[in-house]
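Please read the structure below before turning to the comments.
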Amino acid sequence: MLRTPVCQDLGIEVPIMQAAIWPATSPELVAAVSEAGGLGSIGSVFESAESVQRQIARVREPTNRPFAVNHVVPLLDEEAFEATLEARPAVVSFALGDPPATSSSGPTP
C-alpha cells in the first residue's frame, strides 16, 4: 500500500482525497471515503453556516476518521467558514484562490 507523508500528517491510510464537488457529495459519501482510509471532503459552496454544521455532524455520526471541509474563495460565506473553524475538521481546503489575509484593521492587499 502506498503511504506518503500526508498520510501520516492527516491520519489517513491512503493518499486519496475525495473531491468536494457540490452538490454531488453527501455526508454519507464523505464518511464512507474517510472510513475506507482516504480523506472525505464536504463541499460547502452555496451552503449556510447551519447547513455546514449539519453536514459536519452527519459525517461525524458514522465515523471519527479525518475529513475536510472545502470553501470556494470567490463565493466564501464568512458565517459558514466560521462554523467550519469552530467544528475543527482535520482539513480546511480552498478552491479557486487563496483566502485574503486579515488583520484587526481589515483585509490586507
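Fair warning: this is a prediction, and the values are worked out from it, not measured in the lab.
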Among pairs that include at least one residue of residues 62-73, which meet salt bridge (Lys or Arg N to Asp or Glu O under 4.0 Å), considering only residues two or more places apart or in two chains? E13-R65

Is there a side-chain contact between I56 and I42 in this structure, where contact means two heavy atoms from C-beta onward sitting under 4.5 Å apart? yes

Which residues end up grouped with V45 if you chain together Ile, Leu, Val, Met, Phe, Trp and Tyr wherever their side-chain heavy atoms are less than 4.5 Å apart? W22, F46, V72, L75, L96

Would you mind listing the cluster partners of L29? Hydrophobic ones only (ILVMFWY), side-chain contacts under 4.5 Å, chaining allowed. V33

To the nearest 0.5 angstrom, please state how far the CZ atom of F67 sits from the CZ atom of R60. 4.0 Å

If you compare all heavy atoms of P15 against all heavy atoms of C7, which two are closest, and at what distance to 0.1 Å? N-SG, 3.5 Å

Result block: side-chain N/O donor-acceptor pairs under 3.5 angstrom for residues 78-90, not counting sequence neighbours:
residue : atom : partner : partner atom : Å
T84     : OG1  : H71     : NE2          : 2.8
T84     : OG1  : A80     : O            : 3.0

Of all heavy-atom pairs between V30 and S41, which one has the smallest distance, and what is that distance? CG2-O, 3.3 Å

Could you pull out all residues at least two apart from N70 that satisfy side-chain hydrogen bond (donor to acceptor under 3.5 Å, both in side chains)? S93

According to the side-chain hydrogen bond (donor to acceptor under 3.5 Å, both in side chains) rule, which pairs have a member within residues 28-38, sequence neighbours left out? S26-E28, E28-R58, E35-T63

Of all residues at least two apart in sequence or in a different chain, which pass the side chain to side chain contact (heavy atoms under 4.5 Å, CB included) check with S51? E47, S48, R54, Q55

Are V6 and I16 grouped together when hydrophobic residues (ILVMFWY) are joined by side-chain heavy atoms under 4.5 angstrom apart? no

Of all heavy-atom pairs between I12 and R3, which one has the smallest distance, and what is that distance? O-NH1, 2.8 Å

4.5 Å side-chain heavy-atom contact, V14 and L2: no

